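Hydrogens, waters and symmetry mates are skipped; everything else that's a heavy atom, side chains included, is used. Here the structure is a predicted model, which is why all the values come from computation and not from measurement. One-based numbering, in listed order, for ligands and for the atoms of each.
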Amino acid sequence: MNAIEIKQLEKIYTEGKKALDDISLVVPEGTIFGFLGPNGAGKTTTVKLLNGILNPTGGEIRVLGLDPVNQAEKLHQSTGVLTEHAGMYDQLTGIGNLRFFGQLFGMTKAESETRGMELLEKLGLSEAAEVKLKSYSTGMRQRLSLARTLIHRPRVLFLDEPTSGLDPESTKSVNELLLELSKKEGTTVFLCTHQLRYAQEICDEYGLMDNGQLLALGSLEYLRQQTFSHYKLLVETDVMPQMLNSKKNGENTYELAFQEKAEVPQIVKAIVQQGGNISQVTPLDYSLEDIYFALLEGGKMHV
Ligand SMILES: Nc1ncnc2c1ncn2[C@@H]1O[C@H](COP(=O)(O)OP(=O)(O)O)[C@@H](O)[C@H]1O
Ligand SMILES: [Mg+2]
């Protein structure tokens, strides 16, 4: 089942600004979907539309088969949203906040306590459970916001720039939790970020946005194939067979182009069979960042 379905979505703000132009995509359940793009691309607008906070001016949206505007109440039982400004109570402790929000979702005090403590532990906040929120650092607040968003075990989680301002340690615990939720509980994550390196660590699929348009859609492997026609391999060896069509990069260093990863062992075998002593083989993968900038320069891919 698709957790999210967006068809020819358009949003024109009342001032006339077209923030989204003909966006179509689906996110299968259990996927971590990276919705990427620079500031102003239309990411937050999309999250607001998916949560029924805004009305589309064109097209259709379904989240878990529901219409976010007309079935908001039902939908919000199964979704969680983390935006940049999540409201919580400074005078309550970490676990106190989680109990409060759990009970708002109809959980019992005991249920929200158990689930809350479990989340605090996974996010490295166990020791701060009984500390009032007002003493939390920014990174701790952000992690607690995520716990708050997850308290009622949502099936779909919307994260709008969740790691902006997080230290590497916090980012790591957030990532581990998101991966665990997606793999073990089948939670769908719709992650908006402009931090491409961060996204590449956890996402299965990507949508690349720019200026209200969807430039490309798919897995990293798919996007790489669509953007670049080959991979590169850097090989350090004393002998390089001519038939491999390499480019000499330096003394005993050669660059080879290839189409599929399965060719790498064949290349290595061919060199060894010709008596080559290989000291290093380094695949030069194109990163999400490489792809993104190539797409921004080259324009829209057919999506
Ligand atoms: N309430 C609003 N009224 C008018 N224009 C808006 C409003 N919110 C956002 N925009 C404009 O819509 C575009 C997309 O914004 P946004 O969805 O916030 O992008 P992102 O989250 O990717 O940075 C931007 O040009 C922004 O200025
Ligand atoms: Mg935004």
Side-chain angles (χ1 to χ4, degrees), residues 4-27 31-63 68-69 72 75 79-88 138-139 141-143 145-146 148-149 156-166 170-171 174-175 178 188-203 205-218 223 288-289 291-297 299-301 303:
I4 299 170
E5 292 183 354
I6 296 176
K7 220 189 307 177
Q8 297 178 314
L9 182 63
E10 178 199 83
K11 178 64 191 177
I12 303 174
Y13 282 106
T14 38
E15 300 82 2
K17 167 77 198 172
K18 196 185 246 190
L20 294 176
D21 183 9
D22 194 19
I23 307 296
S24 296
L25 60 89
V26 298
V27 181
T31 306
I32 303 188
F33 184 83
F35 201 52
L36 316 171
N39 287 333
K43 305 182 296 296
T44 298
T45 301
T46 305
V47 169
K48 287 182 178 166
L49 288 161
L50 287 167
N51 285 281
I53 297 165
L54 287 176
N55 259 314
T57 47
E60 253 186 85
I61 311 175
R62 288 290 176 275
V63 179
V69 174
L75 184 61
T79 57
V81 200
L82 180 65
T83 59
E84 281 159 289
H85 316 282
M88 285 188 298
T138 310
R141 271 173 186 268
Q142 259 166 309
R143 279 177 282 155
S145 306
L146 180 60
R148 179 206 139 161
T149 311
V156 183
L157 181 63
F158 297 96
L159 303 175
D160 197 359
E161 308 281 357
T163 51
S164 53
L166 273 192
S170 306
T171 305
V174 168
N175 281 359
L178 294 179
T188 308
V189 182
F190 190 86
L191 167 72
C192 299
T193 184
H194 63 270
Q195 296 173 301
L196 302 174
R197 269 183 227 160
Y198 169 66
Q200 197 182 330
E201 283 179 28
I202 59 166
C203 297
E205 300 264 335
Y206 303 90
L208 305 188
M209 291 286 293
D210 188 35
N211 203 15
Q213 302 224 332
L214 189 60
L215 294 183
L217 189 64
L223 295 177
L288 190 58
E289 226 164 2
I291 293 166
Y292 184 69
F293 289 114
L295 280 170
L296 281 187
E297 270 172 32
K300 193 173 159 133
M301 195 186 269
V303 291

Legend entry - Separation of Asn175 CG from Tyr198 OH (nearest 0.5 Å): 4.0 Å
Legend entry - Donor-acceptor under 3.5 Å (Thr79 side chain, Val156 main chain): no
Legend entry - Heavy-atom donor-acceptor pair, Arg62 side chain to Lys7 backbone, under 3.5 Å: no
Legend entry - Nearest heavy atoms of Leu217 and Gly207, plus distance in Å: CD1-CA, 4.0 Å
Inset, instruction - Quick one: look up the protein heavy atom nearest atom 1 (N) of ligand 1 and list residue, atom name and how far away it is. - result: Tyr13 CE2, 3.6 Å
Legend entry - Under 4.0 Å to a heavy atom of Pro38 - the qualifying atoms of ligand 1, by number: 22 (O)
Inset, instruction - Using a strict cut-off of 4.0 Å, indicate which atoms of ligand 1 neighbour a heavy atom of Ala41. - result: 19 (O), 20 (P), 22 (O)
Inset, instruction - Return the minimal non-hydrogen interatomic distance between Lys43 and Phe35, and the atom names on each side. - result: CD-O, 3.5 Å
Legend entry - Expected output: side-chain Thr193 to main-chain Gln195 donor-acceptor under 3.5 Å: yes
Legend entry - Heavy-atom pair of closest approach, residues Leu20 and Gly42: CD2-O, 3.6 Å
Legend entry - Donor-acceptor contact below 3.5 Å, side chain Lys18 vs main chain Lys11: no
Inset, instruction - Under 4.0 Å from a heavy atom of Asn39: give me the atoms of ligand 1 that qualify, with their elements. - result: 23 (O)
Legend entry - Contacting atoms of ligand 1, where contact means under 4.0 angstrom from a heavy atom of Thr45: 14 (C), 15 (O), 16 (P), 17 (O)
Inset, instruction - Could you tell me the residue and atom name of the protein heavy atom closest to atom 19 (O) of ligand 1, and the distance to it rounded to 0.1 Å? - result: Gly42 N, 3.1 Å
Inset, instruction - Would you mind listing which atoms of ligand 1 come within a distance below 4.0 Å of any non-hydrogen atom of Thr44? - result: 17 (O), 18 (O), 20 (P), 21 (O)
Legend entry - Any protein heavy atom nearer than 4.0 Å to atom 25 (O) of ligand 1: yes
Legend entry - Donor-acceptor contact below 3.5 Å, side chain Thr31 vs main chain Thr188: no
Legend entry - Identity and distance of the protein heavy atom lying nearest atom 4 (C) of ligand 1: Glu15 OE1, 3.2 Å
Inset, instruction - Taking only heavy atoms of Ala19 into account, list the atoms of ligand 1 that are under 4.0 Å away from them. - result: 12 (O), 13 (C)
Legend entry - Nearest neighbour of atom 23 (O) of ligand 1 from the list Gly16, Gly40, Gly212, on a heavy-atom basis: Gly40
Legend entry - the Mg ion (ligand 2) reached by Thr44 (N, O or S, under 2.8 Å): yes
Inset, instruction - Flag atom 7 (C) of ligand 1 as yes if some protein heavy-atom distance to it falls below 4.0 Å, otherwise no. - result: yes
Inset, instruction - Tell me, with the steps shown, if Leu159 and Leu178 meet side-chain contact (heavy atoms from CB on, under 4.5 Å). - result: CA-CA 11 Å; Leu159 303 175; Leu178 294 179; 3.7 Å; yes
Legend entry - ligand 1-proximal atoms of Lys43, by part, heavy-atom distance under 4.0 Å: both
Legend entry - Residue portion contacting ligand 1 (non-hydrogen atoms closer than 4.0 Å) for Cys192: neither
